[in-house]
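Written below as structure tokens is the structure these notes are about.
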Amino acid sequence: MLGTGGTIAGRAARAGDNLGYVAGQVEVSTLLGDVPLPSGVALSTEQLCNIDSKDMSHAHWLALARQCEQLLDDPWVVGIVIAHGTDTLEETAFFLSQVLNASKPVVLTCAMRPATSAAADGPQNLRDALTVVAADGARGVLVVCAGTIHRARQVRKVHTYRLDAFSSGEGGPAGFVEEGRVRLAESWPAVETPRLPVSQLATADRWPSVQIVTSHAGADALVVDALVQSGRVDGVVVATTGNGTVHENIEAALLRAQTAGVAVLRATRCTDGAVLSSGEQRWPHAFDLSPVKARIVLLLDLMRGREPAV
Ligand code: SIN
């Protein structure tokens, strides 16, 4: 079990305070408390970092990916649980799903209430994550929260406060954990070939710069033009309206960006559905991926020197 921080490791001054806490304070080795391990599971813990996941960096991702790869290669390891903050959990899960050969389960989990809460949700989420790791045939990068199993591609944080803060959208969850048992909605996800294997990830200071720009009513060219003028941007993901459409002012700026050598990828702002192609389009799109996940696709594809392919 790897600790990275988050509310699950948060500490508040009072047990009744579920909001006024500092994330990433408590060591992962103490998070399970008195919650029993699923039978047959032996656990070792490691603290990779202890941060609020809003501050997750490429350097953290690289260290996490390398550590996961090493553990997955160890024949004694049946799987990995990662304790993570909820705010960027879907990004870390999707990133890992694109770089690891996860023939064993890698399960990210979290909490919406701090470890010091009188009614903390972290210990049960951790136990559920361990149940998934120990389940027959489990594999792939998964997210477990509030008794629900999500796939890395679909999962999104959809609520600011509820304990059940994640959704898999119209595809629905991969399954559930109920009283120490897994009930799958469908079979475990197929193990994908990594988009870019961990061994080929550059050192974090050399990762391409990929920025997200949102298309919206009243948009102008300012942000895209400023990014291009900075000379430091390699790619732009445009969070589009509806079915991949872009405000005409941003579109003009993106054409200038493309001429200047900046790669462009479209991803819809809509939480459900996918961008459906209609004829020849100027820029590729990320189908059903959210803008933050499309950013990871473009980042990795630029790192491997290819056009984005979703
Ligand atoms: C964080 O993402 O680290 C803080 C918020 C949370 O875990 O719910």
Side-chain angles (χ1 to χ4, degrees), residues 1-33 35 45-65 67-68 80-97 106-130 132 141-152 154-169 173 177 204 212 271 290-293 295-296:
M1 187 158 89
L2 302 175
T4 66
T7 294
I8 193 167
R11 186 179 280 135
R14 289 177 301 105
D17 190 352
N18 290 324
L19 291 177
Y21 61 88
V22 182
Q25 301 294 302
V26 181
E27 295 286 305
V28 66
S29 54
T30 66
L31 290 183
L32 259 178
V35 176
T45 60
E46 190 178 332
Q47 193 74 46
L48 270 192
C49 55
N50 215 349
I51 61 165
D52 187 318
S53 80
K54 72 178 175 58
D55 299 323
M56 191 55 64
S57 68
H58 293 162
H60 290 124
W61 274 358
L62 184 61
L64 182 60
Q67 187 59 12
C68 285
I80 304 169
V81 169
I82 301 171
H84 196 289
T86 60
D87 285 343
T88 58
L89 182 142
E90 70 212 57
E91 294 173 62
T92 300
F94 183 69
F95 165 69
L96 291 176
S97 77
V106 177
V107 183
L108 290 93
T109 194
C110 55
M112 290 297 284
R113 291 182 182 154
T116 49
S117 170
D121 52 330
Q124 184 61 47
N125 284 344
L126 282 171
R127 185 159 200 270
D128 289 347
L130 288 163
V132 171
V141 180
L142 301 163
V143 169
V144 169
C145 180
T148 308
I149 308 169
H150 304 272
R151 296 171 222 86
Q154 280 84 15
V155 67
R156 282 187 191 218
K157 185 172 180 182
V158 294
H159 207 278
T160 56
Y161 181 71
R162 272 203 317 247
L163 302 191
D164 192 1
F166 289 86
S167 168
S168 288
V177 189
I212 300 174
T271 50
S290 62
V292 290
K293 290 180 183 172
R295 195 188 82 87
I296 293 165

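Order of listing sets the numbers, starting from 1, for every ligand and every atom in it.
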Practice prompt. Could you tell me which non-hydrogen atom of Leu108 sits nearest to which non-hydrogen atom of Leu96, and how far apart they are?
Written response: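 Here Leu108 and Leu96 meet closest at CD1-CD1, 4.4 Å.
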Item to complete: Mind listing the closest non-hydrogen atom pair of Ala119 and Arg113 along with its distance?
Response: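 For Ala119 and Arg113, the tightest heavy-atom pair comes out as O-NH1, 3.0 Å.
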Practice prompt. Using distance alone, determine whether Tyr21 and ligand 1 share an N or O pair under 3.5 Å.
Written response: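 So ligand 1 has no N or O lying under 3.5 Å from an N or O of Tyr21.
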Worksheet item: Can you check whether Asp87 has an N/O within less than 3.5 Å of an N/O in ligand 1?
Response: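 Yes, at least one N or O pair falls under 3.5 Å.
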Discussion item. Apply side-chain contact (heavy atoms from CB on, under 4.5 Å) to residues Glu91 and Met56 and explain how you reach the verdict.
Written reply: CA-CA 10 Å; Glu91 294 173 62; Met56 191 55 64; over 6 Å; no
How close does the nearest protein non-hydrogen atom get to [atom], and which residue and atom is it?
atom	value
atom 8 (O) of ligand 1	Thr86 OG1, 2.5 Å
atom 6 (C) of ligand 1	Thr7 OG1, 2.7 Å
atom 3 (O) of ligand 1	Ser53 N, 2.6 Å

Could you pull out every donor-acceptor pair under 3.5 Å between side chains of residues 160-167 and any protein atom, sequence neighbours left out?
residue	atom	partner	partner atom	Å
Ser167	OG	Gly169	N	2.9

Practice prompt. List in chain and number order the residues that pass side-chain hydrogen bond (donor to acceptor under 3.5 Å, both in side chains) with Asp52, two or more places apart in sequence or in another chain; answer none if no residue qualifies.
Written response: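 So Asp52 forms no side-chain hydrogen bond (donor to acceptor under 3.5 Å, both in side chains) with any residue.
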Fill in: Any Ala111 heavy atom less than 4.0 Å from ligand 1
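It does; at least one heavy atom falls under 4.0 Å.
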